[in-house]
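Below is one structure; the comments refer to it alone.
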Amino acid sequence: MNSPLSSSELAGAYDLLHPEVRRWVRDQGWAGLREIQSRAIREVRGGEGDLLVAASTAAGKTEAAFLPVLSEVADEPVRGLSVLYVAPLKALINDQFGRLEDLCERLGLSVVRWHGDAPAAAKSGLVKRPRGLALITPESIEALFSRRPAAAKALFGNLRFIVIDELHAFLAGPRGVHLASLLRRIDSLATKPARRIGLSATLGDLNAAAAWLRPSAPGNVQTVRSPPGGSSLQLQVRGYIEPFRPQATEDEKDLALRAVADHLCGTLRGKNSLVFGGSRRRVETVADLLRGLCERHNVPNEFFPHHGNLSKELREDLERRLKEGRLPTTAVCTSTLELGIDIGSVASVAQIGAPRSLSSLKQRLGRSGRRAGVPAVLRVYVLEDELRPDASLLDQIRQETIRAIAAIRLLGEGFIEAPSSVDGLGSALLHQTLSVICERGGARAETIYRLLCGPGPFASVKPPLFMDLLRSMGGPDAKLIEQAPDGVLMLGEAGERLAGSRDFFALFTSSDEWRIVTGGRSLGSIPISSPVMAGNLIVFAGRRWIVREVDEPTRIITVDPHKGGTPPTFEDSTPEPVDDRLAAEMLAVYMGDDQPGWIDATMARLLDEGRKSFRRMELDTRRAFRSGDDVHLFTWRGTRSNGLLAILLGAAGFSCWAHDTGVVVSRPNLSQLATRLAELQSFGVPNLEAVAADVSAISTGKFDGLIAPSVLRGFWALGVQGAVGDIQATVAPLQPIAGGDDMESLGVTHAPAAIEQRPDGREEVTAGPQP
DNA sequence: GACCTGCTGCGGCATG
């Protein structure tokens, strides 16, 4: 599918375009079509199937899709929309609208933006006379299905193409399940399903992407990729150590972060750059430090924060300033500037904290070095605490340092995570069931099942589990649905309320917030849970404020400029998962003794410390280690594997928690732990549904709370089905060699984990085989 | 010890 095209074939692609599209291409002053564009043109114009376009942000992906798509639909007299473009962000839709408007106008095709902030007149005009293109969010598609089914039918009944931008954003997580389900429902409205085209810069697993794009026939999805390589990378990883000073005053804290800010200020001033800060709180802290440095040096500030809690106005101002490029600008941001919002190219990218995901790192790197011959520049700043005398085992092995090095090594190999299995399947199916009932004004169970549970996100849900879900939804506690005498399912009392609420359209949760206002202008918002009182000093939007008034009823906090302050706390959430491959690479870094050329002296010291601790504890030969009352199980697998192991151990009564590379079991009975591990290795997960007795551990979806616990366990079991073999492989290295006097002495006759009494009196569960 | 994302329909009013 990706054999080289001859130059005549490449040139021939241009001739396949509509004459007016060809004129537009000439008017752009392009030297020619990119190879990826030519390939996509041939696939779309010459074929009938679906298409994945995998290429970096700057490679002209959008044009690769739209030049041939618009050529296809330009002169066709169609009733209804011809093309639906779906994007995960409103900002992306606005960007694309600007880029498509001119070309579409020349072709006589109408383009309409369809999201919550888009002009309503164009939307209602489109419903009256559906034609051309619509650029839409998944939630707006949902709103059409559940609130205006007649409009949905009119709009989606004759689609020729569905283009999905930033496809990787939909491969994992509930929002992807949601969109995939909506795509099935769109197909069901059509006499002939629309062709699907997925666009992405970072696909770790093309087969998984194809399976998402067309679950009924993934093998027929054609792929067009941009040639690998190209731009080079300049790289530095710098280490910083926060001194241990229990008596430090406020001004003496955060010394490591201050040193990072000093370095950022010296290196980035005068150019456009992005600094990924890791959390909103740290983004605010660093932006505040950098602004302070500029003031002290008597130079204009060019460092500004950007995160999801800042007002749209502040964010757009900064995006515009970056894009225009008249004044040197650095955005200190969270992942907000990771997706393809148009901010032009930046000179360099910095990241504070070791990366946790290669997909995200690659996406960030794609913001730098986008022009030919210009290298991408990446700086990673790793922060570690000085080791206290009583430092924990996990602190001593310097996991952050090791992860940074492992991640860069995987970056060099071109590794990107494949999407992991999805949580919250039951929650999503409950939601879509209600949505279908809204759409049809009532439906039979078989109809809903056929519509939702064919090839796609719910394919693994068999009829008995679906019926259990329906019974749970219809139960006296839930009252989400009820059954009419003729068997048709209708919304129940609670179902009406839920489906009628504004909160129904998205499959992800959102929390209540205070709005922060100064001089009548909105700066952004902070969670309602943040403790704020009049007189408090806060850092927000890169500036310092004093809280003048907190108005409970309107949920508005009024602030005035001030000289001091600290950033507010934002809500806690679970950390980004570390992939199995990254955890395994961390083990490889511990086991090796090479020192990369791209680390500084402090980083080299940290690396050395981590490896020495690792060897001192003999973690190269044992996977289980007793430390104080805890037993550390090092699986060298990622977050999801460890999370599953922790749930399975938790179900057996152990109290434990998972971290990036293993599980810590608190005060276990050692022989029972050994027995349990042996069971898991021999049988995997014997009875999945019996395992998760405590439903809170497996309740992750937005609507999981509305599902009966027994049914929720059924869905959880589905989600981890594929991980059963994995758990056996995860546990296997934790098994030591059988037999041995020391085990007998503890009264364990067939326990697979050897318990060792060390000379210093500490016990250890060891993993074999012993050297 | 994270981050991000989304949002109807209609009544009432002013205006052309």
Side-chain angles (χ1 to χ4, degrees), chain A residues 86-94 113-118 120 123-124 127 136-152 165-166 168-170 172-179 182 276-284 305-310 312 315 332-341 351-357 359-361 363-364 383-385 392 394-395 399-400 403 431 435 438-439 498-511 513 524-525 527 569-578 639 642-643 657-661 664 702:
Chain A
V86 188
L89 303 177
K90 289 184 286 193
L92 221 46
I93 286 174
N94 295 343
R113 278 181 289 171
W114 193 297
H115 57 67
D117 300 337
K123 291 195 254 182
S124 51
V127 175
I136 198 166
T137 60
E139 287 73 20
S140 282
I141 300 176
E142 175 63 54
L144 277 163
F145 268 118
S146 54
R147 293 288 167 86
R148 306 173 68 185
D165 206 354
E166 307 280 6
H168 60 275
F170 295 113
R175 211 174 175 204
V177 172
H178 190 190
L179 179 57
L182 292 169
F276 289 93
S279 71
R280 288 167 287 193
R281 191 177 161 84
R282 190 148 70 186
V283 160
E284 288 288 355
H306 192 284
H307 59 75
N309 281 71
L310 294 177
K312 200 170 94 178
R315 289 163 60 167
V332 185
C333 58
T334 55
S335 56
T336 38
L337 291 179
E338 199 173 282
L339 287 184
I341 303 171
Q351 152 124 1
I352 305 176
R356 298 179 65 82
S357 133
S359 160
S360 158
L361 182 62
Q363 197 81 25
R364 292 171 182 191
L383 303 167
E384 295 265 19
D385 288 331
S392 80
L394 290 177
D395 290 338
Q399 294 218 67
E400 184 87 0
R403 196 175 72 242
H431 177 258
S435 176
C438 287
E439 178 197 345
L498 180 60
S501 77
R502 245 170 68 101
D503 200 34
F504 184 69
F505 307 112
L507 251 177
F508 50 87
T509 53
S510 52
S511 59
E513 295 182 323
S525 61
T569 47
F570 296 93
E571 303 226 297
D572 297 338
S573 58
T574 47
E576 181 180 30
V578 162
T639 313
N642 295 324
W657 58 279
H659 57 86
D660 290 350
T661 56
V664 182
K702 181 175 178 179

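Proteins get letters first, then strands, A, B, ... in listed order; numbering begins at 1 in each.
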Can you sort out the partners of R364(A) under salt bridge (charged side-chain N to carboxylate O under 4.0 Å, His left out), two or more places apart, ordered by chain and number?
E338(A)
Scoring nucleotides 2-7 of chain B by protein non-hydrogen atoms under 4.0 Å (B base, S sugar-phosphate only, - none) yields BBSBBB
Could you pull out the protein-nucleic contacts involving nucleotides 10-16 of chain B (nitrogen or oxygen on both sides, under 3.5 Å)?
none

Please list, chain by chain and in numerical order, all residues satisfying salt bridge (charged side-chain N to carboxylate O under 4.0 Å, His left out) with D385(A), sequence neighbours excluded.
none
Set of residues satisfying side-chain hydrogen bond (donor to acceptor under 3.5 Å, both in side chains) with respect to D165(A), sequence neighbours excluded:
Y85(A), Q96(A)
Using side-chain contact (heavy atoms from CB on, under 4.5 Å) as the criterion, list what pairs up with D660(A), not counting sequence neighbours.
R356(A), R403(A), V578(A), T639(A)
Got a sec, which residues hit salt bridge (charged side-chain N to carboxylate O under 4.0 Å, His left out) with E142(A), two or more places apart in sequence or on another chain?
none
Going by ring pair (Phe, Tyr, Trp, His ring centres under 6.0 Å), name the residues that satisfy it together with H306(A), two or more places apart in sequence or in a different chain.
none
State which residues pass salt bridge (charged side-chain N to carboxylate O under 4.0 Å, His left out) with E513(A); sequence neighbours excluded, sorted by chain then number.
none
